[in-house]
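In what follows, chains carry the letters A, B, and so on, assigned in the order in which the sequence lines appear, proteins first and then strands, with residues in each chain numbered from 1.
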Amino acid sequence: MKLEKEKQDRREKKKKSKHSSRDREKDSELNGKHKPSSKMKQSDSQSGVSSFSSAVNCEAGAGDTHEDVKVDPDERNDGQQKSGSPEINNNNQEKTRSKSTKQRHNHQERTADEQLCDEDENLRSQSSRDSNQVQADDGPQCESVKMKKKKRVKEEKSPEKHDKNPPSGRKRKKSSSEHDKAEKNKKMKKDGDPEEKKKEKGKKDEESDKWKWWEEGKSSDTQKWSSLEHKGPYFPPEYEPLPDNICFNYDGQPVKLSPVTEEIATFYAKMLDHEYTSKEVFQNNFFCDWREEMTKEERKLIKTLSKCDFSQIHKYFVEKSEERKNMTKEEKQVLKEEASRLMEEYGYCLLDGHREKIGNFKLEPPGLFRGRGEHPKMGKLKKRIQPEDVTINCSQDSKIPAPPAGHRWKRVQHDNTVTWLASWLENIHGRPKYIMLNPSSKLKGEKDWQKYETARRLKMKVDSIRKQYRRDWTSREMKIRQRGVAIYFIDKLALRAGNEKDDESADTVGCCSLRVEHITLHRRLDAQEHVVEFDFLGKDSIRYYNKVPVEKQVFKNLKLFIKHKDPEDDLFDRITTVKLNKTLNESMPGLTAKVFRTFNASTTLQDQLNKLTTEGMTVEEKILSYNRANRAVAILCNHQRAAPKTFERSMQLLQEKIQKKKEQIEEAKKELKEAKKAHKDAPSDKSKKLLEKKEKAVQRLGEQLKKLQLQETDREENKVIALGTSKLNYLDPRISVAWCKKHQVPIEKIYNKTQRDKFAWAIDMTDENFQF
DNA sequence: TCACTAACTTAGGACACAGGGC
DNA sequence: GCCCTGTGTCCTAAGTTAGTGA
């Protein structure tokens, strides 16, 4: 509870801090534009800020120590550290600090631009160098923006074009869940089977039936479809009460719960094995929400979670899970067919006459919310979604999906400016959730393609943007300096934008929401100068830890940004993601912070592939090169995963295999030597054949060994890196397709079936000469 | 300008299942 | 035929961004 309170205090303080910064931005910008730097002091004191300044002076000591907090620990050793360390300050100074923070910030903001003026003296030489660069760049920049605008207008096409595609009415077979290897093996095994041949033919027909929307030109940005028909969402099955012999116990006594209370109890019981249920926040949230759903009597009786015994229920579900695993082939087949039937019925929609796969046609079942990281809402009850909660979106003239018997939809709308089919409000955060199309659909594919095209446009523009943010590092205005450094981080380190977050989510940050405590400045570290050490939790509470040498001016700016701030203060207190994106959009239409991630990821892949692939490599070696290039991107984007639970064991097994293979090679070499000798002593056809056989065996074993060793390297390097995220979201698929074509690597080795479906547009349109 | 929201993309973990090895 | 393992798929949380109205 104390922690939460502290967190809340900090957030309130942060909010105030940003607000007061914004108020003063007006002043500082005016000053910057109309007044010489020497007058800025006057201007500020005239605006009545001086009274705050005296308040700050009263606590000059505290101010000094706060400044120390941001300094390199190496420097803290010079006697500055102790009074400034947050651990020491936290308890006894907390009240004073929270009272004075706003005042200190006011002082800081008043003096920030004054400091910049002083700094400018030191930086003048660099400024002049930068301004030369600006002049060289400004002209073409404006021109290109105009050109792009013109081009965009031209690209807008009439949505009516969809009407040219009559509804096909064809039904597709389910194919996306099939695995590549399975397909291949099946084909090999049953090559002569006429049934199989029929299936293969069906698949081929299906391939040729695929909607090549990318050949039809770009559709309207606002109107997403002309006609949309679907069956509505699939509702999860109703709750099945526990058998009578399974008891919930309270304080050692069996208690028969009402169905609603029992259902929620099962949510908790199912999770007992999980670490979640050991967390206090989870327990409290669960218990609180659970009690709300209880009957009066139950609430009166069940007052303490620790007296609740869910073990029988837990055991029951473990057994059920085992039973499911041990089902016979036939039983499993029945389930599979049922799933297939559901998919057929609910899994597709008809969009502009084309059958498109839906991404998530099943509504989320009720359960307990599992936030990631230290989420304050973990354990809360995710309620069952009723048809009355669901809004349906489809075209007016379509067959409106029927709600489950005895129910009504919340609303039926016909909005073709959005892509979703159904939506509802989830009860944890009160945010909308949607049923949308699968990534293989036209709507998603076209957007994806557009995303990579924007990133490619950035490639043309990035030099001038880089020059601009470098110029900003020496601006007279604090907010512009901060913006310049923030964009530099986003570009150089592929950081996310970092929106402000509410109190009701995990404390994670991105670039704009970085706090002073997330960086440490090292004037010198590991033989490198001006190193910034980042340590923070990013999206999904994944830790970002990186030590990066930065340019001297960035380092100086960072020192300035953290001056007079507490560890929990915003590093970039004068900027927001909205302002930052607005600036980026002015540099290039369509440019936002996240485009840099796509751009840098794709550029890295392209560069690495060019560097790491050489002719004469085997396919396996080329794949290793590809994975290494992919890995470089995943590292850049900080895509991490937990090491697989079986990692150590599987590596050990692989190493044993390698050892065994080496022994086999030794053995085979011996045999080869003997065969050579035998052939030399008594040459014959037989001995010659034997010799050749042995030579081939050695060669084959050598290849197998190499393959295993490559596998070992690949797996080791992939231990905690997730390649999938970047492959699916950041890497322009055309790079991979072109690379495969150029180096004769089967595309199946790089993309599985689902990925090939998603990137069908790229696979179809790209030739080997494509460069990002 | 700001807070708030809708709509969409990006993300990692859980889990099912194919298929290789024995 | 069974077991084990890695891969693919599903699930849904958690971001970003644009739009809106006060």
ask   = If you look at every strand shown and take non-hydrogen atoms under 4.0 Å, does A:Gly498 touch a base, only sugar-phosphate, or nothing?
value = sugar-phosphate

Any A:Lys433 side-chain N or O less than 4.0 Å from OP1/OP2 of C:dA13 = yes

inquiry  = What contact category does A:Lys325 fall into here, base, sugar-phosphate, or nothing, at under 4.0 angstrom with non-hydrogen atoms?
reply    = nothing

ask   = So, A:Lys410 and A:Asp389, do they make that salt bridge, N to O below 4.0 Å?
value = no

query = So, is A:Lys224 close to the B:dA7 phosphate, meaning a side-chain N or O under 4.0 Å from OP1 or OP2?
reply = no

query = More than 12 heavy atoms of other residues, nucleotides or ligands under 6.0 Å from NZ of A:Lys332: is that the case?
reply = yes

query = Is the distance from OP1 or OP2 of B:dG12 to the nearest side-chain N or O of A:Thr725 less than 4.0 Å?
reply = yes

task = Tell me which of A:Val418 and A:Lys332 sits closer to the 5' end of DNA chain B, going by the nucleotide each one is nearest to.
result = A:Val418

ask   = Salt-bridged, A:Arg457 to A:Glu453, with N to O below 4.0 Å?
value = no

message = Check whether A:Ser321 reaches the backbone of A:Phe317 with its side chain - one donor and one acceptor, N or O, closer than 3.5 Å.
response = no

request  = Report yes if at least one side-chain N or O of A:Arg431 is closer than 4.0 Å to OP1 or OP2 of C:dT16; otherwise report no.
outcome  = no

message = Can you tell me which nucleotide in C:dT12, B:dT9, C:dA14 comes closest to the side chain of A:Lys444?
response = B:dT9

query = Which part of the nucleic acid does A:Arg641 contact within heavy-atom distance under 4.0 Å: base, sugar-phosphate only, or nothing?
reply = sugar-phosphate

ask   = Between A:Asp573 and A:Arg515, is there a salt bridge with N-O shorter than 4.0 Å?
value = no

message = Applying a 4.0 Å non-hydrogen cut-off, can you work out what A:Ser423 is touching in the nucleic acid: base, sugar-phosphate, or nothing?
response = nothing

query = Side-chain N or O of A:Lys380 less than 4.0 angstrom from OP1 or OP2 on C:dA13?
reply = no

inquiry  = Regarding A:Lys382, tell me which of base, sugar-phosphate or nothing describes its non-hydrogen contacts under 4.0 Å with the strands shown.
reply    = sugar-phosphate

query = For the rings on A:His314 and A:His274, is their centre-to-centre separation under 6.0 Å?
reply = no

ask   = What is the distance, rounded to the nearest whole Å, between atom NE2 of A:His375 and atom P of B:dG13?
value = 16 Å

ask   = For the side chain of A:Pro365, counting heavy atoms from C-beta on, which of C:dT12, B:dC8, B:dA14 is nearest?
value = C:dT12

ask   = OP1 or OP2 of C:dA14 less than 4.0 angstrom from a side-chain nitrogen or oxygen of A:Arg496, does that happen here?
value = no

Residue whose nearest DNA chain C nucleotide is more 5′ - A:Cys511 or A:Gln755 = A:Gln755

request  = Report which part of the nucleic acid A:Glu426 touches: base, sugar-phosphate, or nothing (heavy-atom distance under 4.0 Å, all strands).
outcome  = nothing

message = Walk along nucleotides 17-22 of chain C from 5' to 3' and tag each nucleotide B, S or - by protein heavy-atom contact under 4.0 Å, base first, then sugar-phosphate.
response = BS----

key: Protein-nucleotide distance (A:Leu335, atom CG; B:dC17, atom P), rounded to Å   = 8 Å

message = Below the 4.0 Å mark, does C:dT9 have OP1 or OP2 next to a side-chain nitrogen or oxygen of A:Asn752?
response = yes

Cation-pi geometry met for A:Lys382 and A:Phe369 (6.0 Å, 45°) = no

inquiry  = Please determine whether a side-chain nitrogen or oxygen atom of A:Tyr730 lies at a distance below 4.0 Å from atom OP1 or OP2 of B:dT9.
reply    = no

query = NA contact type, A:Tyr434, heavy-atom cut-off 4.0 Å: base, sugar-phosphate, or nothing?
reply = base

inquiry  = Does A:Glu322 have more than 12 heavy atoms from other residues, nucleotides or ligands lying within 6.0 Å of its CD?
reply    = yes

query = OP1 or OP2 of C:dA13 sitting under 4.0 Å from any side-chain N/O of A:His429?
reply = no

ask   = Does a salt bridge link A:Lys231 with A:Glu345, judged by any charged N lying under 4.0 Å from a carboxylate O?
value = yes

request  = Would you indicate, yes or no, if C:dA13 has its OP1 or OP2 atom less than 4.0 angstrom from a side-chain nitrogen or oxygen of A:Lys377?
outcome  = no

query = With respect to the phosphate group of C:dG15, does any side-chain polar atom (N or O) of A:Lys501 fall under 4.0 Å of OP1 or OP2?
reply = yes

query = Quick one: A:Tyr276 OH to C:dT12 C1', roughly how many Å, whole number?
reply = 11 Å

